[in-house]
Amino acid sequence: MFGLVDGNNFYATCERVFNPSLRGQPVCILSSNDGCAIARSDECKRLGVKMGQPIHEVPPHIRRQLRIFSANFGLYGDLSGRVVSVLREWFPRVEVYSIDESFVTFDGVPAEQREAMARQARSQIFQWVGIPCCVGIGPTKTLAKLANKLAKKTPHGVVTALPGSPELETYPVEDAWGVGRKLTAKLGAEGILTAADLARANPDTLRSRYGVTLARTQRELQGVVCSDLEEVEPERQQIVVSRSFGQEVTSLEDLQQAVSTFAQRACEKLRSRSLQASGVWVWLNTNPFKPGAAQYHPSKAFNFIAPTSDTREVLLVAQGLAKAMWKNGYRYKKAGVGLLDLTHGDVHQGDLFAGIDPRSQALMKVMDQANAKFGRGTMGMASSAWRSKGPALAKPVWAMNQKNLSPAYTTRWDQLVRVR
DNA sequence: TCTGGGGTCCTAGGACCC
DNA sequence: TCTGGGGTCCTAGGACCC
């Protein structure tokens with residue numbers, strides 16, 4: 001049996017943990033650049049703010065009632081780790097599925113004890129970390145997900161879903177895991193409106209019309225396990241860093257600084273996972289929402305002869321790609337850098353003629369260690385915006401808007417909460 | 001004025017191999 | 001008039017997830 005544990009309105013709840021004045025208030029978390037609502041407390045949902053809604057579309061009289069925050073991923077990630085560490089004490093097998101969701105298994109736990117166990121784990125997480133969770137239990141991950149959604153509507157927060165449960169008859173198919181907007185529309189046209197309808201549909205027709213993914217979802221709703229617990233995170237295939245700009249960028253110099261900064265960050269992520277990249281990919285975008293503005297969204301990739309994790313090498317290429325795509329006269333709103341064809345550092349297919357420069361790894365190691373010890377941005381490449389962290393340089397024009405960022409309560413000494 | 005970021009998997013078609 | 005069988009790899013697009 002599987003369990004799915006997830007934090008209710010996770011980001012909004014994280015903000016409340018260290019700021020009790022937010023309890024009972026409509027809390028709304030904005031995406032990077034303070035654009036869209038990406039998390040809402042129940043009170044905020046009741047005021048009609050929609051998931052993903054651009055905040056400027058929310059009527060001013062509603063907006064004034066909201067407690068608005070810029071996304072503070074450092075805080076959310078840290079609290080997420082605390083939730084997982086409590087879970088590991090209760091369950092021998094845990095799959096961390098996302099920042100706010102984990103799958104667990106009830107191996108060897110008798111059926112009549114599972115819900116009680118889930119309730120205990122749930123109350124301990126609330127007591128120790130301060131995050132209210134719900135637990136869904138089912139014989140497959142898909143049913144556990146479904147049960148979790150049902151649990152949100154109960155006061156005790158724990159629900160079990162079995163194949164053929166009466167709840168499936170009224171459970172909308174679009175809320176099933178693996179059924180998105182497009183499939184909902186197509187299935188609806190065939191009269192498949194609920195999870196029970198999907199479970200009952202003709203499997204051959206489903207397979208041939210919609211592919212193997214939906215066929216698996218159907219089997220899982222019938223109680224057949226198609227997706228097992230993945231305790232070890234699979235190796236990354238790609239690493240992407242992209243941002244919308246706070247202000248539109250109109251000079252190549254600013255654009256290259258942004259691209260450098262993203263490339264540098266991508267390389268840090270790469271090395272933290274002991275990976276190397278064989279390809280780099282850069283793309284640029286103008287503002288698609290601006291009516292009448294000239295649009296341009298080029299993208300260009302480059303393959304290395306031998307995989308690398310050296311920031312200098314990646315940066316040089318990323319800069320070159322950005323320059324090659326640059327056209328005067330456009331107003332750029334977004335850029336991104338991707339690292340592709342990732343391989344593990346210990347399986348190195350070298351360059352027959354150039355060999356490996358041992359100094360490269362040593363240099364990167366020193367940089368990473370300095371940044372780990374003294375904080376991100378302590379050492380960096382001059383072409384990036386790394387120095388903008390210090391007091392001497394102005395904020396880059398492309399820097400994100402984060403007007404309502406809460407403190408790094410758990411990850412910076414100077415931002416700890418004071419108790420009088 | 002203001003519109004997120006980071007991923008995965010599947011499928012079909014084309015180019016190429018022997 | 002007739003035109004094989006069995007593969008791989010790559011890419012683009014579409015769908016999904018949080």
Side-chain angles (χ1 to χ4, degrees), chain A residues 4-11 28-40 49-60 63 68-73 76-77 80 95-103 141-142 145 148-149 173-187 207-217 220 226-227 230 233-248 262 265-266 269-270 273 278-279 281 283 285-291 293 299 301 303 331 333-342 400-404:
Chain A
L4 178 71
V5 185
D6 95 325
N8 302 344
N9 309 326
F10 186 67
Y11 297 168
C28 180
I29 314 299
L30 301 185
S31 58
S32 303
N33 235 8
D34 290 345
C36 303
I38 56 166
R40 305 151 298 152
V49 179
K50 299 275 176 275
M51 178 65 180
Q53 186 176 18
I55 196 66
H56 70 262
E57 285 180 2
V58 175
R63 225 182 307 162
I68 291 180
F69 290 88
S70 307
N72 184 347
F73 290 111
Y76 313 150
S80 167
E95 172 188 338
V96 179
Y97 177 66
S98 75
I99 195 164
D100 69 331
E101 289 178 60
S102 291
F103 285 104
K141 284 174 156 183
T142 303
K145 276 280 261 188
N148 177 278
K149 202 141 200 166
V173 73
E174 70 236 57
D175 289 343
W177 193 32
V179 180
R181 260 205 345 262
K182 303 272 178 159
L183 281 173
T184 300
K186 289 181 192 163
L187 291 173
R207 168 72 183 84
S208 63
R209 281 193 197 156
Y210 304 106
V212 69
T213 318
L214 192 65
R216 281 202 282 253
T217 298
E220 288 242 318
C226 301
S227 163
E230 291 180 33
E233 195 191 343
E235 290 293 354
R236 281 293 179 78
Q237 300 176 26
Q238 55 176 39
I239 287 174
V240 174
V241 175
S242 78
R243 295 279 180 279
S244 293
F245 301 142
Q247 291 172 56
E248 289 171 341
F262 301 165
R265 182 76 195 112
K269 290 185 181 183
L270 183 76
R273 293 171 178 271
S278 303
W281 173 44
W283 74 96
N285 261 326
T286 46
N287 186 352
F289 298 105
K290 207 168 174 178
S299 106
N303 287 311
R331 307 179 66 81
K333 183 61 183 167
K334 186 175 180 178
V337 175
L339 301 176
L340 313 170
D341 297 327
L342 307 185
M400 276 194 293
N401 295 321
Q402 289 184 302
K403 290 196 190 113
N404 305 289

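Note on naming: letters A, B, ... go to the chains in the order of the sequence lines (proteins, then strands), and numbering restarts at 1 for each one.
A/Asn33 has its CG atom 7 Å from the P atom of B/dG5, to the nearest Å. Rounded to an integer number of Å, the gap from CD of A/Glu230 to C1' of B/dT8 is 10 Å. Going from atom CG of A/Leu30 over to atom P of B/dG4 covers 11 Å, rounded to whole Å. Distance CH2 (A/Trp281) to P (B/dG6): 11 Å, rounded to an integer number of Å. Computed from coordinates, the A/Asp100 CG to B/dG6 C1' distance equals 15 Å when rounded to whole Å. Atom CD in A/Glu57 sits roughly 13 Å away from atom P in B/dC2 (whole-Å rounding). Spacing between atom CZ of A/Phe262 and atom P of B/dG6 amounts to 9 Å, rounded to whole angstrom units. In this structure, A/Arg331 places its CZ atom 13 Å from C1' of B/dT1, rounding to the nearest Å.
Side-chain atoms of A/Leu342 and A/Glu235, non-hydrogen and from C-beta on, never get closer than 4.5 Å to each other. Contact check for A/Gln238 versus A/Leu340: side-chain heavy atoms found under the 4.5 Å cut-off. Side-chain atoms of A/Leu30 and A/Ser70, non-hydrogen and from C-beta on, never get closer than 4.5 Å to each other. Taking the side chain as every heavy atom from C-beta outward, A/Phe103 and A/Glu230 never approach each other to under 4.5 Å. Contact annotation: the side chain of A/Lys269 never approaches that of A/Arg236 to less than 4.5 Å [non-hydrogen atoms, C-beta and beyond].
In this structure, of B/dT8, B/dG5, B/dT3, it is B/dT3 that holds the atom nearest to the side chain of A/His56. The side chain of A/Lys269 sits closest to B/dG7 out of B/dG7, B/dT3, C/dC18.
Counting any heavy atom pair closer than 4.0 Å across all strands shown, A/Leu183 reaches sugar-phosphate atoms only and no base atom. Residue A/Lys145 is classed as a sugar-phosphate contact, given heavy-atom separations below 4.0 Å to backbone atoms only. As judged by a 4.0 angstrom heavy-atom cut-off over every strand, A/Ala176 is placed among residues touching the sugar-phosphate backbone only. As judged by a 4.0 angstrom heavy-atom cut-off over every strand, A/Ile239 is placed among residues touching the sugar-phosphate backbone only.
Annotation: of the two residues near DNA chain B, A/Ser242 and A/Gln237, the 5′-most nearest-nucleotide partner is A/Ser242. For A/Glu248 and A/Val241, each mapped to the nucleotide of DNA chain B holding its nearest heavy atom, the one lying further toward the 5' end belongs to A/Glu248.
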Polar atoms only, N or O, under 3.5 Å: list the protein pairs with nucleotides 11-17 of chain B and their distances.
none

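Taking 4.0 angstrom as the limit, A/Lys290 places none of its side-chain polar atoms (N or O) nearer than this to OP1 or OP2 of B/dC2. At the phosphate of B/dC10, OP1 or OP2 sits under 4.0 Å from a side-chain N or O atom of A/Arg216. For B/dG7, one of the phosphate oxygens OP1 or OP2 lies less than 4.0 angstrom from a side-chain nitrogen or oxygen of A/Arg236.
Remark: A/Asp341 pairs with A/Ser278, A/Asn303 by the side chain to side chain contact (heavy atoms under 4.5 Å, CB included) rule, at least two apart or across chains. With sequence neighbours excluded, the residues satisfying side chain to side chain contact (heavy atoms under 4.5 Å, CB included) with A/Ser80 are A/Phe10, A/Ile99. Residues meeting the ring pair (Phe, Tyr, Trp, His ring centres under 6.0 Å) test with A/Trp283, sequence neighbours left out: A/Trp281. The side chain to side chain contact (heavy atoms under 4.5 Å, CB included) test applied to A/Ala266 returns A/Ile239, A/Val241, A/Leu339, not counting sequence neighbours.
Counting only Watson-Crick and G-U wobble pairs whose two distances sit under 3.5 Å, DNA chain B takes part in these stems of three or more pairs: B:5-18 with C:5-18.
In the model, A/Glu174 has no side-chain atom that pairs as donor or acceptor with a side-chain atom of A/Thr184 under 3.5 Å.
The gap from the C1' atom of C/dG4 to that of B/dC17 amounts to 14 Å, rounded to the nearest Å.
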